[in-house]
Number of protein chains: 2
Amino acid sequence: MGHAPRTRQGGIPLYRRIATELWERIQNGTLRPGDRMPSEPELATEFEVNRLTVRQAIVELQRLGAVEIRRGTGTFVAAPPDLVEIIARIPAPAPDDDATHAALAGHSDGVVETLLPTRPLLRVEERIEAVTEASGRYGELAARELGVPLADLFRLDTVMVRSGQAWIVNSYWFPRRLEGVVEALGEHGMVIATLRDGLGLDLSYRWRAFSAVAADYHEARLLDVPTGTALLVRDGVTADAAGAPVFYVRRRLRGDNAKFVLRYGA
Amino acid sequence: MGHAPRTRQGGIPLYRRIATELWERIQNGTLRPGDRMPSEPELATEFEVNRLTVRQAIVELQRLGAVEIRRGTGTFVAAPPDLVEIIARIPAPAPDDDATHAALAGHSDGVVETLLPTRPLLRVEERIEAVTEASGRYGELAARELGVPLADLFRLDTVMVRSGQAWIVNSYWFPRRLEGVVEALGEHGMVIATLRDGLGLDLSYRWRAFSAVAADYHEARLLDVPTGTALLVRDGVTADAAGAPVFYVRRRLRGDNAKFVLRYGA
DNA sequence: AAGTGGTCTAGACCACAAA
DNA sequence: TTGTGGTCTAGACCACTTG
C-alpha cells in the first residue's frame with residue numbers, strides 16, 4: 001500500500017521542489033557546467049524519496065536545458081551552447097547581395113563571413129531526407145501562398161549538417177516543374193545554390209517569419225534531440241526575378257544552437 | 001514483483017508506441033480538435049498497460065502541443081493556436097515610422113493595423129512584474145552591449161497582457177539614469193511609449209535577434225504554460241537619436257501564439 | 001562485473017471539477 | 001458523489017557504458 005503522505009509545503013510537489021533545488025545549485029555555481037550530478041539512487045537517498053520522483057525532477061531539468069543525461073554514464077550539468085549567429089543587415093539585400101541573401105536563407109554556402117560561431121565553423125552540407133506529396137497544414141499554406149493547387153506541389157525534406165552534426169531541418173514546397181532540383185542537388189550541394197546556379201533562377205524574398213515550436217517525432221529524430229525540444233522556426237516565401245512566388249520553405253533549428261540577428265543601419 | 005516482460009517491437013518503448021498511435025489518430029482526423037480523449041484508465045485498458053505508462057504518453061503529447069490536459073475534467077485534442085502575426089516591412093523603418101517601429105518592438109500601442117490576429121485584437125497592456133539589480137548571463141551581455149559597468153544597470157521585468165491573457169514576458173536592462181521610467185509607466189501604459197512620450201527619447205534599433213528557449217520556472221509561471229514550453233525570444237539593443245545604445249531588451253512569447261513576419265519590398 | 005539511466009507494474013492517496 | 005488527472009512508493013527488469 002501507499003505510505004504516510006509527506007507534508008507538502010504550499011502544495012508544491014516533491015519532484016518540483018527537488019528540481020528547483022538542483023536548479024539553484026546550478027544557477028549559483030554549486031554545480032558547474034560539466035560537473036557530474038549525483039546518480040539517481042544517490043539523490044533518492046539524499047532527498048529521502050523514491051528514485052522515480054528524483055527522476056521526474058531530473059527529466060524536467062533536462063527539458064530546461066540545464067542538464068545533459070548520458071545513458072549508462074550519468075547526468076551532467078549542461079555546458080553553454082555552441083551558439084551560431086546568423087546575421088543580416090537591414091535595409092533589405094538587393095537580389096545580388098549574396099552574403100546577406102545567404103545569411104537570411106539560413107545557410108552558409110561559401111559566405112561564412114556572415115556566420116559568427118563561438119567555435120570555428122566547419123563546412124555545412126545539405127542532404128535529402130525525403131521527397132513526398134504535398135499535404136497537411138503547411139502544404140495547404142504553401143498552395144495558398146504560391147497560388148497553385150495542392151496537387152501541383154511536392155515536398156522536399158532535407159537536413160543541413162554542420163561539423164558533422166544535424167543542424168537544420170528544412171522542408172521545401174516546390175511546384176512540380178522544379179522537380180529537377182532533386183536530381184541536380186548533388187552537384188551544388190545546397191538547395192538554394194542549386195536553384196540559383198543549376199536552374200538559373202534569380203531569387204528574392206517575399207517574406208520571412210520567425211516562430212517557435214516543440215520538436216515533433218520527425219524533427220526530434222532528424223536533429224537528434226529529445227521530443228519536445230524548443231526549436232526556432234524560420235519560414236517564408238521566395239520569388240523569382242519577376243516577383244512571382246516560387247516556393248515555400250520552413251526551416252527548424254535547435255533554439256539553443258542558433259540565433260538570427262538583424263543589424264540596422266551601417 | 002515485475003511481470004513477464006512484453007515483447008517490444010524494435011526496442012520502441014510502450015509509451016512511445018502509444019503516443020505515436022494517438023498522435024496519428026489526431027493527425028489523420030480520427031480524433032479532432034476539441035474532442036475529448038479517452039480517460040487514462042480507459043486508455044490503460046485499451047492498450048493493456050499500466051495507467052502510468054499511458055500517462056507518460058499523454059504528457060508527451062501535451063509537450064508537443066497536440067493535446068490539452070484539464071485536471072479533473074479530461075484530456076482534449078488541442079485546438080489550432082490563436083496566432084498573431086507581428087509584421088514589419090523591410091527596408092528598415094525610419095525612426096519616425098511609428099507603425100513599423102511599434103510592430104518590430106512587439107507591442108501594439110495604437111498601431112493595431114500592423115497586427116493581424118485570427119480573432120479580433122483586444123487591448124494590450126504592460127504591467128510591471130519586478131525591478132531588480134542587473135546580474136547573471138544577460139545582465140553581463142547588457143553591460144557589454146551598452147558599454148557600462150554592470151552596477152550601473154537595473155533590470156525591469158514586465159508582462160504584456162492581451163485579451164486578459166499573459167502574452168509576452170519582457171526583461172529590460174536600463175541605465176540607472178532612466179529609473180524614472182518605472183514611475184512614469186502608469187501614464188503611458190507601455191514601456192516603449194513611456195520612453196518616447198514621457199521621457200522624450202527618440203529611439204531606433206541597433207539590432208534585433210530571434211532565438212528559441214524552453215520556458216524556465218519564472219517564465220512558465222508568468223505565461224501560465226507548462227515548464228519547458230517552447231518560447232520565441234526576440235532580444236536586441238535600442239539606441240537614441242545619436243546612435244548611442246540605451247537599453248537591452250529580451251522578450252519571450254509563446255511560440256505557438258505569435259509570429260514575427262518580415263515583408264520585403266512594396 | 002558493476003553502475004548508470006530507461007521502462008514498466010501494481011497500488012495508493014490526493015486535488016480538482018462537474019453533476 | 002463520482003470521475004478525472006497529479007503525485008508518490010516499492011520493486012523489478014532492461015539497455016547501455018565503463019572498468
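Lettering of chains follows the sequences in order, A, B, ..., and the numbering in each one begins at 1. Computation of the quantities below employed the complete heavy-atom set of this structure, encompassing side-chain atoms and omitting hydrogens, waters and symmetry-equivalent molecules.
Atom CD of B:Q56 is separated from atom P of C:dT7 by 6 Å (rounded to the nearest Å). Here the P atom of nucleotide C:dG5 and the CD atom of A:E68 are 13 Å apart, to the nearest Å. In this entry the distance linking CZ of B:F47 with C1' of C:dT9 reads 18 Å, nearest Å. Note: CZ (A:R17) to P (D:dG6) measures 19 Å, nearest angstrom. If you measure from atom CG of A:L14 to atom P of C:dC13, you get 17 Å, rounded to the nearest angstrom. Taking atom CD1 of A:I12 as the reference point, atom C1' of C:dA15 lies 15 Å away to the nearest angstrom. Taking atom CZ on A:R70 and atom P on C:dG6, their separation rounds to 12 Å, with Å as the unit. One can place CD of A:E48 at 21 Å from P of D:dT7, the figure rounded to the nearest angstrom.
Taking the side chain of B:R55 as heavy atoms from C-beta on, and the options D:dT18, C:dT7, D:dT7, the nearest nucleotide is D:dT7. Taking only side-chain atoms of A:T53, from C-beta outward, the nucleotide of C:dG5, D:dT4, D:dC8 with the closest atom is D:dC8. Of all nucleotides listed (C:dT7, C:dA10, C:dG5), C:dA10 comes nearest to the side chain of B:N50. Of the candidate nucleotides D:dC16, C:dT9, C:dC16, D:dC16 has the atom nearest to the side chain of A:R71. Candidate nucleotides D:dG5, C:dG5, D:dT4 were compared by shortest atom distance to the side chain of B:E42, and D:dT4 ranks first.
For B:S39, a side-chain nitrogen or oxygen approaches OP1 or OP2 of D:dT4 to under 4.0 Å. For D:dG5, one of the phosphate oxygens OP1 or OP2 lies less than 4.0 angstrom from a side-chain nitrogen or oxygen of B:T75. Taking side-chain N and O atoms only, B:Y15 has no distance below 4.0 Å to OP1 or OP2 of C:dC8.
For B:R51 and D:dG6, a side-chain-to-base donor-acceptor distance below 3.5 Å is present, hydrogens and geometry of angles not being considered.
With A:E126 contributing its side chain and A:V191 its backbone, the two residues share a donor-acceptor pair below 3.5 Å.
Using a 4.0 Å heavy-atom criterion, one finds that B:R36 contacts the sugar-phosphate atoms exclusively. Base engagement by B:L52 is indicated by at least one non-hydrogen atom pair under 4.0 Å involving a base atom.
Between B:E46 and B:R25 a salt bridge is recorded (basic side-chain N to carboxylate O distance below 4.0 Å). Contact check on B:E125 versus B:R127 returns no salt bridge, with no Lys/Arg side-chain nitrogen under 4.0 Å from an Asp/Glu carboxylate oxygen. Electrostatic pairing of B:R221 and B:E219 does not count as a salt bridge here, judged by no charged N lying under 4.0 Å from a carboxylate O.
Counting heavy atoms from C-beta on, the side chains of A:I18 and A:L43 never come closer than 4.5 Å.
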